[in-house]
Every structure is written in structure tokens, then in C-alpha cells.
2 protein chains.
Amino acid sequence: MPTIKDVAKYANVSVATVSRVLNKKGYVSKEAEENVLKAIADLNYKPNSVARSLYHKTSKMIGLLIPDISNPFFPELARAVEDVALTYGYTVVICNTDEDIRKEAQYLEALQQKYIDGLILTTNQLSADNYENLGIPLVALDRQFSNRVPTVSSKNYEGARQATEYLIENGSEFIAHIRGPYHVKPADDRYQGFKDVVEEQGIAHIVVDCDFTMASAMEVTEGLFEKYSTIDAVFASSDIIAAGVLKVAKNINKRIPEDLQIIGFDGIPLGEMLTPALTTVAQPIYKMGALSARLLIKQIEKEPLDLINYEVKTTIQYRETTRSDT
Amino acid sequence: MPTIKDVAKYANVSVATVSRVLNKKGYVSKEAEENVLKAIADLNYKPNSVARSLYHKTSKMIGLLIPDISNPFFPELARAVEDVALTYGYTVVICNTDEDIRKEAQYLEALQQKYIDGLILTTNQLSADNYENLGIPLVALDRQFSNRVPTVSSKNYEGARQATEYLIENGSEFIAHIRGPYHVKPADDRYQGFKDVVEEQGIAHIVVDCDFTMASAMEVTEGLFEKYSTIDAVFASSDIIAAGVLKVAKNINKRIPEDLQIIGFDGIPLGEMLTPALTTVAQPIYKMGALSARLLIKQIEKEPLDLINYEVKTTIQYRETTRSDT
DNA sequence: AAAGTGTATGTAACGGGTTACATGTAAGGG
DNA sequence: CCCTTACATGTAACCCGTTACATACACTTT
């Protein structure tokens with residue numbers, strides 16, 4: 001690998017001049033510039049970004065902290081972040097934290113030592129201070145933890161309300177909500193949206209807990225249907241949960257959507273692949289990822305942000321696990 | 001952020017001594033060591049990995065080149081690579097190439113400039129030279145392109161044979177194979193396995209082309225069933241394709257597995273979530289990712305490799321889209 | 001003609017580590 | 001008692017860019 005010195009020697013100029021040409025900064029005569037450009041081409045020189053990093057204390061890398069890339073919600077998000085990052089010349093380091101405080105701390109340390117330029121957080125086991133003390137730009141995605149950190153999230157409360165109202169419009173009279181983990185903001189908000197609607201309208205309902213895995217969803221659902229055979233709709237806090245509900249329901253020969261309506265949340269690709277295809281409150285996942293990445297890069301490049309909290313709209317994807325009201 | 005100089009000053013020693021303590025190299029008295037350790041603790045010093053990279057020309061980072069993280073085959077792979085990398089102190093840079101030669105070249109350049117320590121390739125649009133000229137360790141995952149590069153793949157040919165034989169044992173007499181893209185090694189091998197078995201056994205068959213997307217699979221399958229209504233089994237080259245076949249088959253009210261058996265390939269989590277659950281030739285995806293990462297790190301750390309080509313076994317996951325022969 | 005301004009280029013310090021080499025001390029061998 | 005060797009530590013060069021600063025020349029300006 002040739003270095004800037006090789007280029008300087010080949011072009012008969014000093015390294016400073018080469019650097020000036022590279023960075024288009026300072027005065028350089030046309031002649032010198034041409035020589036340098038030719039040297040660069042002839043030697044196939046590429047500036048070394050590590051050396052640059054060392055001097056500038058930046059790395060053109062951003063970190064994406066997620067619980068687990070194998071959770072189907074995250075690949076599309078990661079993809080969006082990566083796409084945007086690439087167009088701005090950044091690379092993305094993916095960190096699967098498993099919501100484990102130790103792993104998170106380990107990553108944070110490693111990233112900081114690499115002069116990571118910014119972080120997108122979809123996980124926050126550590127306290128807000130731990131992130132803010134890093135002294136680098138942050139974006140919180142799908143959770144919020146400090147009013148100084150820009151946030152991207154979707155209207156979970158409103159989406160949950162719409163889903164619930166839709167089930168009611170379609171004639172359901174006893175609705176179960178399978179909620180996600182406590183203190184996870186989106187799960188809490190979706191629960192609240194559901195609760196408010198059923199209470200306002202005086203609809204029979206039941207809420208059960210679940211984590212965001214299909215196995216847990218199936219277990220919970222089996223118990224639920226045993227106890228309450230008259231449940232005629234389920235609002236699941238995620239599509240994965242909904243997939244579990246669907247599977248159990250079909251196993252015990254419930255007709256869907258005639259006997260039981262199901263509506264999920266998230267809008268992951270899985271929903272479409274199921275039969276019947278899952279009706280769901282879709283979040284614009286790609287858009288959320290892309291937006292976070294852009295917000296992060298804006299901060300890194302010291303551009304002003306229009307807003308600090310971005311809330312994107314959800315839309316119900318009407319598919320086959322609900323009865324149409326039209 | 002304190003530097004090694006701050007530590008040296010605080011501990012009343014030279015930077016060389018601090019470095020010796022950090023790297024456990026060379027002679028250091030107990031006394032000096034204690035002072036340094038205390039200084040490190042007091043100042044909360046963390047060595048700067050960029051500076052280290054610059055000197056050592058390594059980065060403790062590995063690159064994972066994949067076509068698209070939103071393709072459900074890759075998240076689990078990426079997860080495995082990341083898990084192994086983390087335990088050895090490496091971080092992973094994910095690169096979605098979309099099998100696009102330009103993007104690949106762009107990544108390769110960026111990674112090289114960052115002193116990336118090694119690359120796991122699941123994509124190879126560029127010619128083998130382009131990778132080997134990088135002068136860094138490589139592992140080819142699920143495709144092979146040079147006999148100097150260690151490879152991890154599964155027994156695609158054998159798996160395809162087993163799948164086909166299984167369909168025949170279960171009484172199918174007209175089998176369709178929906179194959180993946182040409183010149184993609186796994187797709188070619190699976191096709192060959194299928195072809196050999198049906199020809200050996202003189203079974204009626206048809207092969208159609210498809211890329212690895214569900215939309216394409218559905219389109220192809222619709223045409224297929226229109227033309228050949230007596231097809232009684234499909235061997236799909238991937239689970240995504242199989243999901244598409246299943247969806248189309250259900251739409252036209254074929255009973256599964258009574259009228260039509262379906263078997264996929266890959267063993268992605270989606271298969272289990274479908275109803276009926278998809279029978280498939282499962283690859284040990286996590287294991288393959290973990291193995292590649294370990295092979296790569298072994299090369300980086302100059303440890304000898306036992307083997308250059310690792311072929312892992314596939315296993316049929318007997319689920320609900322095939323008739324049991326037991 | 002002296003001073004000021006814009007252009008052009010080179011030298012060297014810097015960023016934060018690592019390590020070759022020089023130097024120095026103490027212990028052990030003959 | 002001198003020499004070798006192990007131990008201990010510091011100085012400075014090095015990795016590869018970036019940039020502050022010094023220098024120098026060609027024009028203007030007054």
C-alpha cells in the first residue's frame with residue numbers, strides 16, 4: 001500500500017501539497033495538482049482512514065445497538081440505517097446486546113475506543129448517563145430516554161387505538177390483548193391504547209403478558225383459549241406474537257377471521273407470508289431506520305435538526321385475519 | 001479522555017513502561033506495575049484502538065459481506081458471526097452488497113482503508129482476484145471461488161437428494177423443482193441433486209426458474225399449477241420460495257400435504273411459523289456462521305487450519321407440508 | 001521604494017500508541 | 001574482581017495523515 005509520502009516523492013512535491021490536493025484545502029498550483037493527481041492514479045493510492053481518524057478523532061463509523069438482529073423487526077431497520085450510512089460515506093457496526101447490560105457496556109467501550117462518530121440506540125439497559133457521557137451524537141429509536149436525545153418512534157398509542165376500534169367495528173365483543181414486556185415503551189403505549197378504547201366503549205376484554213417471542217405467545221395463547229373460549233378477537237402487541245396466536249388458533253380449529261379476528265403490530269414481512277395473511281398495524285420500519293440514520297448524521301455533521309422528537313404514523317394493513325367492515 | 005502520557009505522568013514512569021504493563025510484554029518491576037495499574041484505574045484510562053491500529057495495521061474488525069440482511073437467511077448468520085467475533089474481541093461491520101459489483105467494490109475499498117482484519121464473503125460478484133489482492137484473511141460462506149480460500153458450506157447436493165427421495169417415498173409421482181438463480185452454487189447443487197434422483201428413479205418432473213424472493217415464487221408457482229395441475233409435490237430451492245408455493249397452493253384450495261407435498265431448503269425460522277409448518281432441509285445456519293467466524297479469526301491470529309473446506313450436514317425437519325412415511 | 005496581499009510550497013509538530021535501541025543496575029559465574 | 005546475563009526503564013523513531021507556521025515570490029497599493 002502506497003502512503004502519502006510515496007505519492008509526494010513520485011510527484012516531486014511535499015506531503016503537505018498532496019494533502020492539500022486530497023482535501024481541496026489551501027493553495028495548490030494547477031501544475032502541482034496535476035502531478036499529484038497523476039501520482040495518485042499511477043500508484044493507486046488510497047488515503048489511510050485510520051491515520052485520518054487518529055488526527056481527527058472521528059471514524060466515519062456509526063454504531064447500531066439492537067437487542068438481536070435475528071428478531072425479524074431489526075433486519076429491515078438495520079438495512080435502512082446501512083443504506084443511508086453508505087450514501088454519506090459511513091460504515092455501520094452492528095451490536096447485538098440481548099438487552100444485556102454487560103454486553104452493552106462492552107460494546108460502548110469498544111466503540112468509544114474506535115472513535116465511533118455516533119450511535120443509534122434501540123435498547124437502553126444502561127442509564128441515560130452512560131450514553132450521554134460518551135460525548136457523541138445519539139438517536140434513540142423506538143424508545144426514549146432523555147429529552148436531550150433525538151427520538152424516532154411511531155405512534156404506538158394511536159395505532160393500538162385504531163387496531164382495537166377496528167376489531168370492535170368488525171363486531172368483536174370479547175377482545176384479548178397480548179401485551180409485550182413492561183417498561184418497554186412501545187409495549188406500554190400499545191397496551192394503553194387498547195385499554196382506553198375498550199374501557200371507553202365498554203367492551204369485554206382481558207390482557208395477558210408475554211415477551212416478544214413466538215414460543216411464549218403460543219404458550220400464553222393456549223392458556224387463554226382454554227380459560228376463555230368465547231374470546232372472538234386478539235390484539236397482539238407484535239406480529240411475532242400474532243403469528244403464535246394464529247398458529248394456536250388454527251391448531252384448535254378456530255376459523256379465522258370468522259370465529260376469531262387477529263391483528264398484530266409492526267408490519268414485518270412475515271405477516272404477508274402467513275396464511276391467512278396477518279392484518280397488522282404496520283410501522284414504516286425502513287423509514288424509521290433511514291430517518292434515524294439521517295438524524296444521526298446531521299448531528300455528526302453539525303447540521304441543525306428541525307425537530308427533536310419524530311413520531312411516524314402507523315397504518316393498518318388490512319389482510320385476512322380480520323373481517324372487513326366494508 | 002486520558003492518554004498514555006497522562007497515565008505515565010501520573011504514575012511517574014515513561015510511556016514505554018505503561019505500554020509494557022498494558023501489553024504484558026518486556027520487563028516491569030512489581031512496583032512500577034502497581035503504580036501504572038493504579039494510574040489507569042484512577043484516570044479511567046482506556047487505550048485508544050485507533051492509535052494501535054495505525055501502528056499494527058490491524059483493526060480488530062471483521063467485515064461480513066452479504067447480499068441483504070433483510071433476507072431471512074442472513075440475520076441468524078450475522079448473529080452467529082457477531083457472537084463469535086465478540087468473544088474474541090472483534091467487532092463486525094455488516095455490508096449489504098445487493099450482489100452489486102459497485103457497492104461491493106466501494107465496501108472493499110472502505111474496509112481496506114480501515115485496516116479490516118478479515119472478511120467473510122457470502123457474495124462474490126467481483127472476481128476472486130479482487131478479494132485475494134486485499135491481502136487479508138478470507139472465508140467464503142456458502143459459495144466457493146478459489147481453492148486458496150477456506151470455505152464453509154452445507155451439503156446442498158446431498159440435502160437435495162434426500163428431499164427428493166423423501167417426496168418419492170411418500171408417494172409423489174410428478175415433482176416440480178423451483179430452482180434458484182443460475183451460477184449461485186447452492187442453487188446449482190440443489191438442482192443437480194434433484195435432477196439426479198428423479199432421473200435415476202424415472203420420476204416425472206419439471207424444473208422452473210425463480211429468484212430467491214417470495215413474489216417471484218408466487219408468480220412462477222401460479223403459472224406452474226395452471227399448466228400442470230397434476231403436480232403432487234414441490235421441492236423448493238429455499239424456504240422463501242416454499243412459502244410462496246404454500247401460499248399459492250392454499251389460495252387455489254389444494255390440500256396440503258394430501259394433494260401436494262412441499263419441501264423447502266434452509267431451515268429459517270419462518271418455516272415453523274407457517275401453517276401448516278414447512279418441512280424443509282435445514283442447514284445449521286448459526287453453526288455455519290459461527291464456524292466461518294472462527295475460521296476467519298484463526299487465520300487472522302495465524303493459527304493453523306485443520307481443513308480448508310468445511311461441509312456441514314443438512315437435516316430434514318419433518319413438519320406438516322409432507323406426508324409422513326412412517 | 002516600502003509595505004501589504006495573494007499564491008505556493010515545504011518543514012515539522014501532532015494525534016496516541018508501540019517498540020528498537022541505549023543505558024543502567026544487580027545478581028551470578030569463573 | 002571482571003564479565004555475562006537478567007531485569008528495568010527511558011528516549012526517540014515510527015505508523016500515516018493533517019495542519020500550523022515559516023518562507024518565498026509576484027503583484028498591488030500608496
Side-chain angles (χ1 to χ4, degrees), chain A residues 1-37 39-40 43-61 89 109-117 135-136, chain B residues 1-37 39-40 43-61 89 109-117 135-136:
Chain A
M1 293 239 81
T3 71
I4 198 168
K5 278 187 197 165
D6 302 320
V7 175
K9 201 170 294 172
Y10 188 97
N12 271 313
V13 296
S14 72
V15 292
T17 302
V18 178
S19 183
R20 286 188 196 106
V21 172
L22 284 170
N23 301 301
K24 301 181 175 44
K25 259 187 203 169
Y27 297 114
V28 179
S29 63
K30 292 121 277 141
E31 202 200 329
E33 185 179 357
E34 276 165 28
N35 289 338
V36 169
L37 258 17
I40 289 175
L43 302 175
N44 188 27
Y45 166 76
K46 312 258 183 268
N48 178 311
S49 33
V50 176
R52 279 189 168 162
S53 276
L54 182 59
Y55 188 88
H56 284 127
K57 299 182 193 295
T58 65
S59 59
K60 284 277 173 182
M61 295 194 300
E109 192 178 315
L111 295 177
Q112 196 181 16
Q113 290 174 33
K114 290 188 155 60
Y115 286 141
I116 199 96
D117 291 346
I136 55 173
Chain B
M1 291 238 85
T3 72
I4 199 169
K5 279 185 196 163
D6 301 321
V7 175
K9 200 170 294 173
Y10 188 98
N12 271 312
V13 295
S14 72
V15 292
T17 302
V18 177
S19 183
R20 287 188 195 104
V21 172
L22 285 171
N23 300 300
K24 300 181 178 41
K25 259 187 201 166
Y27 298 113
V28 179
S29 64
K30 293 120 278 139
E31 202 200 328
E33 186 180 356
E34 276 166 27
N35 288 339
V36 170
L37 259 18
I40 290 174
L43 301 175
N44 188 28
Y45 166 76
K46 311 261 184 266
N48 178 310
S49 34
V50 175
R52 279 191 166 158
S53 277
L54 182 59
Y55 187 89
H56 283 126
K57 299 182 193 295
T58 66
S59 59
K60 284 279 174 180
M61 297 195 298
E109 192 178 314
L111 295 177
Q112 196 181 15
Q113 290 174 33
K114 289 187 155 60
Y115 286 142
I116 199 96
D117 291 346
I136 55 172

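Lettering follows sequence order; numbering is per chain, from 1.
Taking atom CG on B/L54 and atom P on D/dG17, their separation rounds to 9 Å, with Å as the unit. One interatomic measurement links the two molecules: CD of B/Q112 to P of D/dC16, which rounds to 13 Å at whole-angstrom precision. Look at NZ on B/K114: it is 14 Å from C1' on D/dG17, rounded to the nearest Å. As a whole-Å value, the separation of A/E33 CD from C/dT7 P is 15 Å. Look at OH on B/Y115: it is 7 Å from P on D/dG17, rounded to the nearest Å. Going from atom CG of A/N48 over to atom C1' of C/dG15 covers 13 Å, rounded to whole Å. Nucleotide C/dG17 holds its P atom 17 Å from the NZ atom of B/K60, rounded to whole Å.
Looking at heavy-atom distances under 4.0 Å, A/V50 makes no contact with the nucleic acid at all.
Judged purely by atom type and a 3.5 angstrom limit, B/S59 uses its side chain to pair as donor or acceptor with the backbone of B/Y115. At distances below 3.5 Å, not a single donor-acceptor pair connects side-chain atoms of B/S49 with backbone N or O atoms of B/R52. In terms of modelled atom types and a separation under 3.5 Å, the side chain of A/D6 and the main chain of A/T3 share a donor-acceptor contact.
Between C/dG16 and B/T3, no contact under 4.0 Å exists linking OP1 or OP2 to a side-chain N or O. For A/Y27 and C/dA8, the shortest distance from a side-chain N or O to OP1 or OP2 is not below 4.0 Å. Taking 4.0 angstrom as the limit, B/K57 places a side-chain polar atom (N or O) nearer than this to OP1 or OP2 of D/dC16. Residue B/S49 places none of its side-chain N or O atoms closer than 4.0 Å to OP1 or OP2 of C/dG17.
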Check residues 11-18 of chain A and write down every donor-acceptor pair under 3.5 Å in which the side-chain atom is one partner and the other belongs to a residue at least two apart or another chain.
unit_1	atom_1	unit_2	atom_2	d
A/S14	OG	A/A16	N	3.4
A/S14	OG	A/T17	N	3.4
A/S14	OG	A/T17	OG1	3.4

Atom pairs under 3.5 Å, N or O on each side, protein against nucleotides 18-20 of chain C: can you list them with distances?
unit_1	atom_1	unit_2	atom_2	d
C/dT18	OP1	B/N23	OD1	3.4
C/dT18	OP1	B/N23	ND2	3.4
C/dT18	OP1	B/R52	NE	2.5
C/dT18	OP1	B/R52	NH2	3.2
C/dT18	OP2	B/S19	OG	2.8
C/dT18	OP2	B/N23	ND2	3.2
C/dT18	O3'	B/H56	NE2	3.4
C/dT19	OP1	B/H56	NE2	3.3
C/dT19	OP2	B/K25	NZ	3.2
C/dT19	O4'	B/Y55	OH	3.4

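Between A/I4 and A/Y45 the shortest heavy-atom distance is N-CE1, 3.5 Å. Residues A/V28 and A/R20 approach most closely at CG2-CB, 3.5 Å, considering heavy atoms. Taking each heavy atom of B/D117 and B/K60 in turn, the nearest pair found is OD2-N, 2.7 Å. Between B/S53 and B/T58, the closest heavy-atom pair is OG-O, 2.7 Å.
In this structure, A/S14 and B/P2 both approach DNA chain C, and ranking their closest nucleotides by distance from the 5' end singles out A/S14.
There is no side-chain donor-acceptor pair under 3.5 Å between A/K46 and A/N48.
Comparing D/dT9, C/dA8, C/dG15 against the side chain of A/K30 picks out C/dA8 as the nearest. Side-chain proximity of A/V28 to the nucleotides D/dT9, C/dG15, C/dT9 is greatest for C/dT9.
Rounded to 10 degrees, the angle between the two end axes of the helix from C/dA1-D/dT30 to C/dG30-D/dC1 is 50°, with five pairs used at each end.
The OH atom of A/Y10 sits 10.0 Å away from the CG atom of A/N35 when rounded to the nearest 0.5 Å.
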